[in-house]
Number of protein chains: 2
Amino acid sequence: MPPREPAHLKPRKQPRQARAVATVEAIYEAAIQVLLTRDASQFTTTQVAERAGVSVGTLYQYFPHRRALLHALSRHYLGRVADQVEAVCAAHHGAPPDRMVEALVGAYWDAKIDRNDVARAVYRSAVAFDSAALMAGFRDRLTTATRSMLQSAPGLTKTGEEAISTILLPVIFGTVREMCEQDPPGLVKAEVRRELVALCTTCLEGRLRPGAFDARASRD
Amino acid sequence: MPPREPAHLKPRKQPRQARAVATVEAIYEAAIQVLLTRDASQFTTTQVAERAGVSVGTLYQYFPHRRALLHALSRHYLGRVADQVEAVCAAHHGAPPDRMVEALVGAYWDAKIDRNDVARAVYRSAVAFDSAALMAGFRDRLTTATRSMLQSAPGLTKTGEEAISTILLPVIFGTVREMCEQDPPGLVKAEVRRELVALCTTCLEGRLRPGAFDARASRD
DNA sequence: ACCTGAACACCGTTCAAGT
DNA sequence: ACCTGAACACCGTTCAAGT
């Protein structure tokens, strides 16, 4: 379980009946749509409620204020991405280092880029209000999962693992974010993804003890 | 000269007298301060005007609406960053490839991280309203400057230059952005910067024609 | 338990009046 | 040429009334 959110951002109450669940789902979906319109300052509770097909009062039954809605939306989405990346990392414990990197970049890339629209909406909402704590928690989860995977790598020293975690994650997070926001043609994205994997792999190989290269040589 | 901005975002009029120039400066400064408060949705014209020590009416004399103010602020700042990077790129035409990379990363890093507060404010304003065109123009300027520098590199083939431009800039932009927003301790930042330069240099070296390594070997 | 929508305070924007 | 601040429309949020 991630840490509880601060009281002022907590959802006001949980839906109990089925139609209430549907209402909350509709509000989330509407929020994403509205966030993706040109001017994010048009993200008004009125707009969201209207698009969700409920009255403002209903929205305020579940979310104490606009920021709480944005917070819940980001939390929901970032949690899912973290789940996916954690699973992939866990599945690659003990794998050859280059496979680890490929898996990590791939998992994060897919989670973000495949739902490009949601990712962009969340990036927007994340700056529209202050979500530093939320993002920090997200980064922590991925950092922990990554480091624990890397620590299981054959031939990677402890200092090598530390150094690499410092640079690897900012590079991956940052590059993927750039792709989400620029949203270039598919071919360019594919090239960037390939190059990113290559870049990170090279970076990792520089940290391996000499003998450990063998684990890789057997592949291509 | 960069391309003209769309009519609806143009500043309403230019200050002519000295006190008017001071007024506009004060508005920019106040806007940055307000953008840096916890909740960016509190970026209200009332707040900005109050902090700048002028009345709302004055603000609206120069900026037709809130978004135009944000746009002008970003434009002003991004223009300065692009100027700096372009100058550094121009100064390194014909330099050894690894010096080029170091200079490029360094120039971009310094421009962003040294004025961390302004950079964060601009990142916020850039998503608060739709600034896709502004950002695209900024990227284009830096891409052009970078490619023209790299084309002058001894031993770099044309396809090598293209491939590297595709990956190099997203990685640098993305990583620096992560650092601006996380704002980790100085030591961590220094390490990330060092590693980023190393990463990009390695990436570049992989594209050089064999003989060209000599240009580097003579350094360390 | 859930939903509604009128009501109030506040912010974006305008404009008539001032120096 | 520049500045002011009251005025109007609209959005965030509440709450009394409904099923």
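The figures here come from the full heavy-atom set of this structure, side chains too, leaving out hydrogens, waters and symmetry mates. The sequence lines fix the lettering, A, B, ..., with proteins before strands; numbering per chain opens at 1.
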Checking all strands, does [X] fall into the base, sugar-phosphate, or nothing category for heavy-atom contacts under 4.0 angstrom?
{"X": "B/F63", "answer": "nothing"}
{"X": "A/V54", "answer": "sugar-phosphate"}
{"X": "A/T45", "answer": "base"}
{"X": "B/Q47", "answer": "nothing"}

Do the side-chain N or O atoms of [X] get closer than 4.0 angstrom to the phosphate oxygens (OP1, OP2) of [N]?
{"X": "B/S55", "N": "D/dG5", "result": "no"}
{"X": "B/R19", "N": "D/dC2", "result": "no"}
{"X": "B/T58", "N": "D/dC3", "result": "no"}
{"X": "A/T23", "N": "C/dC2", "result": "no"}
{"X": "A/R12", "N": "D/dT14", "result": "yes"}
{"X": "B/R67", "N": "C/dT13", "result": "no"}
{"X": "A/Y60", "N": "D/dT14", "result": "no"}
{"X": "B/T46", "N": "C/dC10", "result": "no"}

### Task
For the pair B/H92 and B/S152, evaluate side chain to side chain donor-acceptor pair (under 3.5 Å) and give the outcome as yes or no after the intermediate values.
CA-CA 9 Å; B/H92 286 76; B/S152 78; over 6 Å; no
### Message
Restricting to non-hydrogen atoms, name the atom on A/Y77 and the atom on A/A119 that form the minimum distance, rounded to 0.1 Å.
### Response
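Between these two residues, the closest heavy atoms are OH-CB, 3.4 Å.
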### Secondary-structure string, 5' to 3', Watson-Crick or G-U under 3.5 Å, | for another-strand partners, for DNA chain D
||.|||||...|||||.||
### Task
Look up atom CG in A/L59 and atom CD in A/E50, then write down how far apart they are to the nearest 0.5 Å.
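Going from CG on A/L59 over to CD on A/E50, the span is 12.5 Å.
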### Query
On DNA chain D, nearest-nucleotide positions of B/V56 versus B/A20: which is more 5'?
B/A20
### Query
What class does the angle between the rings of B/F173 and B/Y108 fall in, given that below 30° is parallel, 30 to 60° is tilted and above 60° is perpendicular?
tilted
